[in-house]
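Excluded from the calculations below are hydrogen atoms, water molecules and symmetry mates; all remaining heavy atoms, backbone and side chain alike, are included.
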Amino acid sequence: MRRSKTKRRFVLTCGIDLRGLISLSITTKARTNDVAAALLTRRTVLAGLAASALPGIAPAQAQEVRWSSGSEKPHFVPPAGATDCHFHTYDKTYPIAKSATLLPDDTLPDDYRALQRRIGTTRGVIIQPSTYGTDNRLQIASRQALGAENFRVVAVVAEDISEAELRRLDEQGVRGVRFNLGFPGVLTVNSLPTLAPRLADLGWHCQINMRPKQIEDNADLLASLPGRLVFDHLAQVPQPAGVESAPYKIIRGLLDRGKTWVKLSGPYVSSKQGAPDYADAAAVAAAYVKAAPERLVWGSDWPHPSEPKDHKPDDARLFDLFAQCAGDAAAFKRILVDNPAEFYGFPKVAP
């Protein structure tokens with residue numbers, strides 16, 4: 001696919017100093033006092049980067065990926081061990097849960113490999129989607145197909161699951177249970193106090209996908225749960241209130257206590273400003289980075305099941321958006337490599 005000659009506006013949305021990000025390789029000569037307000041074309045940005053001879057900037061190459069728009073690689077190159085902490089696979093040969101509302105077309109391990117080649121990640125965490133209920137076989141099989149050493153799974157289980165089954169799943173690479181509470185499913189808010197202590201005993205975490213009102217209604221419960229929590233998709237902080245909203249302040253309080261993590265993923269879930277730059281959601285991501293970079297991970301949310309088939313986001317652009325929000329090389333590496341290694345039990349990458 002040939003790159004369009006049409007200029008696309010490349011909005012530096014995160015309120016960060018561009019020099020911090022470019023320190024991934026060497027400093028740039030460019031200076032800006034208010035990057036969030038800067039509105040530059042992609043061509044202008046690339047020309048400036050090229051002038052600085054940055055080895056950390058990827059050359060533009062075409063790499064088409066199913067369920068992703070665009071074909072160019074990201075401009076920013078991830079470090080060794082970079083981990084995509086949120087993606088799914090789908091396969092119509094596996095039975096679908098009766099309550100399922102999201103029914104994407106097949107997205108198989110080979111399709112995901114194409115995304116890895118485009119983005120440059122080498123590790124990943126496969127998340128059980130609501131489509132398959134408590135039947136985790138597809139995601140576990142996908143882990144084996146992609147390479148068990150470099151992939152982990154977050155499953156969905158019944159509230160009354162046996163200890164023997166939890167141990168079996170642990171041996172198969174499962175490291176947490178997803179409470180996808182914005183969709184119909186087997187687990188509810190009331191399942192959290194039942195399962196959280198058992199998962200904590202295993203060293204697992206509760207992965208929570210809640211709508212903003214659910215976060216407000218259950219703030220005390222969330223604060224009381226044992227073990228680690230991780231919230232999907234920026235915790236769905238509502239817009240336009242963003243960092244001034246009650247859900248954001250609740251999540252910040254949980255982050256400050258040290259047991260909660262947030263995924264920098266799915267900006268389209270909460271954004272009102274929308275594609276291609278999701279500036280309002282990006283501001284929330286940047287605020288999380290400033291507050292607690294040691295408790296953040298990044299996820300592609302590929303194949304973007306909540307988004308229409310003919311309007312999938314550009315994964316390379318989403319990755320660059322995250323890179324901008326990370327703000328400097330240390331946070332960029334920490335969120336992509338070090339935090340996932342600690343949280344999901346990947347081997348540490350040699351410096």
Side-chain angles (χ1 to χ4, degrees), residues 8-18 20-21 32-42 45 68-70 74-76 85-86 181-182 208-216 219 230-256 260-293 295-302 304-308 311-328 331-332 335:
R8 294 189 300 173
R9 299 189 72 79
F10 195 60
V11 186
L12 304 179
T13 55
C14 301
I16 57 95
D17 184 346
L18 185 58
L21 181 57
T32 176
N33 294 323
D34 187 2
V35 180
L39 194 60
L40 305 175
T41 64
R42 180 184 294 266
V45 171
S68 177
S69 66
H75 302 310
F76 296 98
C85 294
H86 195 106
L181 303 176
I208 300 172
N209 193 25
M210 274 183 165
R211 303 198 188 281
K213 184 64 164 59
Q214 291 175 306
I215 291 174
E216 290 188 64
V230 57
F231 284 84
D232 290 353
H233 309 326
L234 304 172
Q236 295 197 33
V237 169
Q239 298 295 344
V243 297
E244 299 301 323
S245 68
Y248 175 80
K249 293 175 182 178
I250 292 167
I251 297 299
R252 271 297 313 275
L254 294 172
L255 278 174
D256 292 344
T260 295
W261 300 53
V262 172
K263 288 189 180 179
L264 304 183
S265 62
Y268 38 77
V269 173
S270 56
S271 177
K272 297 296 185 186
Q273 295 185 8
D277 296 296
Y278 309 102
D280 46 0
V284 172
Y288 282 137
V289 172
K290 183 177 180 180
R295 286 190 298 282
L296 304 176
V297 293
W298 172 82
S300 66
D301 194 33
W302 182 90
H304 315 288
S306 66
E307 301 305 286
H311 195 63
K312 297 292 185 182
D314 183 333
D315 283 282
R317 194 172 184 118
L318 288 179
F319 185 82
D320 283 339
L321 179 66
F322 151 67
Q324 294 162 21
C325 293
D328 61 51
F332 187 66
I335 295 167

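- Going from atom OH of Y278 over to atom OH of Y268 covers 7.5 Å, rounded to the nearest 0.5 Å.
- S271 approaches A281 most closely through the heavy-atom pair CB-CB, 4.2 Å.
- To the nearest 0.5 Å, atom NZ of residue K263 and atom OG of residue S300 are 10.0 Å apart.
- Q236 is listed as a side-chain neighbour of R211, based on a closest heavy-atom distance under 4.5 Å.
- In this structure, S265 and C85 have side chains that are not in contact, with every pair of non-hydrogen atoms separated by 4.5 Å or more.
- H86 contributes atom NE2, which lies 7.0 Å from atom CG of N209 (distance to the nearest 0.5 angstrom).
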L234 vs L264, test: side chain to side chain contact (heavy atoms under 4.5 Å, CB included). Steps then yes/no.
CA-CA 5 Å; L234 304 172; L264 304 183; 3.6 Å; yes
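- Residues V289 and I335 form a side-chain contact, since some pair of their non-hydrogen atoms from C-beta on lies under 4.5 Å apart.
- The two residues L296 and W261 make their nearest non-hydrogen contact at N-CE3, 4.1 Å.
- Here the side chains of L318 and P267 are in contact, with some heavy-atom distance below 4.5 Å.
- Here the shortest heavy-atom pairing between G242 and V284 reads CA-CG2, 4.2 Å.
- Inter-residue side-chain proximity for S270 and V237 is flagged as unmet; no heavy-atom pair is nearer than 4.5 Å.
- Here the NZ atom belonging to K213 is positioned 6.5 Å from the CD atom belonging to E216, to the nearest 0.5 angstrom.
- Remark: I208 CD1 to Q214 CD distance equals 10.5 Å, nearest 0.5 Å.
- When side chains are defined from C-beta on, F332 does not count as touching W298, because their heavy atoms never get closer than 4.5 Å.
- Scanning all heavy atoms of the two residues, the minimum distance from D301 to P305 falls at O-CD, 3.7 Å.
- Residues Q239 and D280 approach most closely at NE2-O, 3.2 Å, considering heavy atoms.
- Counting heavy atoms from C-beta outward, W302 and H304 have side chains that approach closer than 4.5 Å.
- R295 places none of its side-chain heavy atoms less than 4.5 Å from the side chain of T260.
- Scanning both residues, S245 and P238, for their nearest heavy atoms gives OG-CD, 3.6 Å.
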